[in-house]
**Q** 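Can you read through this structure? Questions will come right after.
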There are 2 protein chains.
Amino acid sequence: MTGRKRQRVTIADVARLAGVATMTASRALNRPEMVSDELRQRVLQSADELNYIPDRAAGGLASGVGLALPVLVPTLHHSVYVQILEGLQERLPQAGYQLMLGSTEYSREKEETLVEVFMGWRPSAIVLSGIDHSERTVRLLRASGVPVVEIMDLAGDTDTPPPLDLNIGFSHSRVGEAVVRYLAPCGYRNIAYAGTLTTLDPRSVRRIQGFQGALKRLGLPHHLIGRSDLPSSLAVGRDLLSGLLEEFPQTDAVFFANDELAAGALFECQRRGLRVPDDLAIMGFSDEEIASHLYPALTTVRIPRHEIGRLAADLLLARLGGSPNTQPPLKQSPIDVGFEIVQRQTTRAPDQHPQEYT
Amino acid sequence: MTGRKRQRVTIADVARLAGVATMTASRALNRPEMVSDELRQRVLQSADELNYIPDRAAGGLASGVGLALPVLVPTLHHSVYVQILEGLQERLPQAGYQLMLGSTEYSREKEETLVEVFMGWRPSAIVLSGIDHSERTVRLLRASGVPVVEIMDLAGDTDTPPPLDLNIGFSHSRVGEAVVRYLAPCGYRNIAYAGTLTTLDPRSVRRIQGFQGALKRLGLPHHLIGRSDLPSSLAVGRDLLSGLLEEFPQTDAVFFANDELAAGALFECQRRGLRVPDDLAIMGFSDEEIASHLYPALTTVRIPRHEIGRLAADLLLARLGGSPNTQPPLKQSPIDVGFEIVQRQTTRAPDQHPQEYT
DNA sequence: TTGAAAGCGCTAACAA
DNA sequence: TTGTTAGCGCTTTCAA
């Protein structure tokens, strides 16, 4: 009694009940305008009566059209990705696409495995986070001809690989630079970077490179780096701060890889009685909700996550729908959505006003 | 040139290249032990050479076995659900099941729509959050015979509907009660509840009912309820607190619907110079990471989310795998995983020690 | 406008 | 052990 195998209600059942051919039932359901009013009514009613639910897999198989739309994110623990997902959810499902979520945990190997798995679901397109993929991933994707959108990083830039296909994001190296160019005029001289997975995640790497490059150009020390291999959390933020202060006591400002780490560090400063931003400046990355509620409120880098999600959806829809006349004047991909430094209270006010960097 | 329609590599291609029948290729790939070493080698090599990726939809269609496993959560903004998802991800994908995520936004109608959509993907089972569903959802699910796991609430309890099938969670009304039974001995007399979606989400409703019932039994006021219709956030937590203090200035303790709201309220207390827990006690629900890092650290209710995810996966695997001899001594569903009050600094120490409630 | 036949890619069942 | 046939549920194509 492992579940009596319930006979699935098929379109043939619906057709039979309505007294029409299977094909007519199919048309009544999918292209109503091709069927006479009367038959359409009968079919719709039968379908309803039988609780008919069309089998997408069979439909896709027959029509050659895939409706699965895999989205690969590194993690769901950062609200950034949750919000991107929401941006995508806003339009894609109602266009008939089924979002499938995969989490790569910042690993190229996991990404590769997930891409393989998802390719088996006849994806109509695929959304990838980042622009750094394994060779096999690239080969698989190229060979399949499936549209790809890479998000959250900017491909084809001076220091990044070319885009696989569509791309929308911002430059992480420029974020690193911008932070230095923001903090230096505030009078900070020993500016540190602190992050997790700093070797694993190519986006962190580029952020650090931009950061260090800018420091070098200003003649400031660029060796103040705090690293952790643990996934990021408030606790790790505390540890990162402690480690940094121990190793480099001269540190007077820290740029964290995300707001969560920065918040943890801020809590640690409170515990230690360190005054922020007088003794130490703290800067985050992402501008998550907590940033503005912390005390003092966190200076951070805002990235347009929701917009990334929505734009990715638009790009995809335009690419897939291919409605040839509605041809929307789509911006040329890669699209740089830029970022913005949000000045709050964990850094001293700069001499110059904050500006938008793209 | 809307994407040259790349010829998909099928198992027939693989078979042809290997010089075997399609069926042999299929067996070499899926039941290797049924094929001679030599042919298996040839097939595997051909598959690799052609970058063959099996079409799950076609496979499922032919074999009658579905591999999609939809998971419906109310939101991804609470880390609780992210962690449950992780618990599920730990085992299900490697057993070949494809998790499909849907977010209901606490709406029964959205849930119904999602269930309908997902039923079209030949799900092998389906995971639902909560035990309150629309009539049509129940009918659809029942008719399909698909195994269902309801999580995060306890069905078949005195005040809850019977389970659809498998169930694993805890009693929200007992949480409400337990909180009162915890706070009262600490000397609090005007204990308020504050939450969002308090009318929409049946779990909130039951929590409030348990809460009010316990207050009544103790002869304490039970009308101190703060509500908001916005989705929960730190900002709403602040507002909720402000509203409560304005409407019921006598309030001396507040039980929030989640830790995020409680954190927001705590920030608001800081801003107002209110001393916690001396002037006001704050209690959260969920024990998210931030709870222990706040200052003062948040007293809250811990729920075993990761365990819920893992147990749900186990239950499902046992139900689906049906390996008849390995018949694991599965606990009888519904499974009550209980909860636990975590005493920290936002409430005064009670006369009696905290206890586990199930 | 409606219907019949064929087949999408794969595997269960049977035959060799 | 291997191959052949049929068919999963649906839609495309073509004919009526």
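Letters go in sequence order (proteins before strands), and every chain restarts at 1.
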**Q** Between C:dC14, C:dT2, D:dG9, which nucleotide has the shortest distance from any of its atoms to the side chain of A:Arg8?
**A** D:dG9
**Q** Output the rounded distance in Å from CE (A:Met119) to C1' (C:dG9).
**A** 15 Å
**Q** With a 4.0 Å cut-off, would you call B:Glu105 and B:Lys110 a salt bridge?
**A** no
**Q** How do A:Val9 and B:Gly19 order along DNA chain D: which one's closest nucleotide is nearer the 5' end?
**A** B:Gly19
**Q** Any N or O donor-acceptor pair under 3.5 Å from the base of C:dG9 to the side chain of B:Arg56?
**A** no
**Q** Please confirm whether the backbone N or O of A:Leu67 pairs with a side-chain atom of A:Ser124, one donor and one acceptor, at under 3.5 Å?
**A** no
**Q** Write down the distance between CE (A:Met34) and P (D:dT13), rounded to a whole number of angstrom.
**A** 11 Å
**Q** Can you check the A:Arg31 CZ to C:dT2 P distance for me, whole Å?
**A** 15 Å
**Q** OP1 or OP2 of D:dC8 sitting under 4.0 Å from any side-chain N/O of A:Thr10?
**A** no
**Q** Taking the nucleotide of DNA chain D with the closest heavy atom to each, which residue, B:Arg40 or B:Ser63, is nearer the 5' end?
**A** B:Arg40
**Q** If you find the nucleotide of DNA chain C closest to A:Met23 and the one closest to A:Glu33, which residue's nucleotide is nearer the 5' end?
**A** A:Glu33
**Q** Side-chain contact test, heavy atoms from C-beta onward, threshold under 4.5 Å: evaluate it for B:Leu72 versus B:Ser129 and give yes or no.
**A** no
**Q** Mind calculating the distance between CG (A:Leu29) and P (D:dT12) to the nearest angstrom?
**A** 13 Å
**Q** Would you indicate which nucleotide in D:dT2, C:dC10, C:dA4 comes nearest to any side-chain atom of A:Ala21?
**A** C:dA4
**Q** Rounded to the Å, how far apart are A:Asp55 CG and D:dT11 C1'?
**A** 12 Å
**Q** D:dG9 base to B:Arg122 side chain: any donor-acceptor pair below 3.5 Å?
**A** no
**Q** Could you tell me if the side chain of A:Gln45 sits less than 4.5 Å from the side chain of A:Leu17, heavy atoms only?
**A** no
**Q** Please pick, from D:dG9, C:dC10, C:dT2, the nucleotide with the shortest atom-to-atom distance to any side-chain atom of A:Val35.
**A** C:dT2
**Q** Taking any heavy-atom pair under 4.0 Å as a contact, classify B:Ala62: base, sugar-phosphate, or nothing.
**A** base
**Q** Should A:Arg42 and A:Glu38 count as an ion pair when the cut-off is N to O under 4.0 Å?
**A** yes
**Q** Mind checking A:Gly64 for me? I need base, sugar-phosphate or nothing, with any heavy atom below 4.0 Å counting as a touch.
**A** nothing
**Q** Report the distance from atom CG of B:Leu61 to atom C1' of C:dC8, rounded to the nearest whole Å.
**A** 9 Å
**Q** Whole angstrom is fine here: how far is it from CD in A:Gln41 over to P in C:dT2?
**A** 13 Å
**Q** Think A:Thr22 has a side-chain N or O under 4.0 angstrom from the OP1 or OP2 of C:dA4?
**A** no
**Q** Below 4.0 angstrom from OP1 or OP2 of D:dG3, is there any side-chain N or O of B:Thr24?
**A** yes
**Q** Taking atom P of C:dT1 as reference, at what distance in whole Å does atom CZ of A:Arg27 sit?
**A** 10 Å
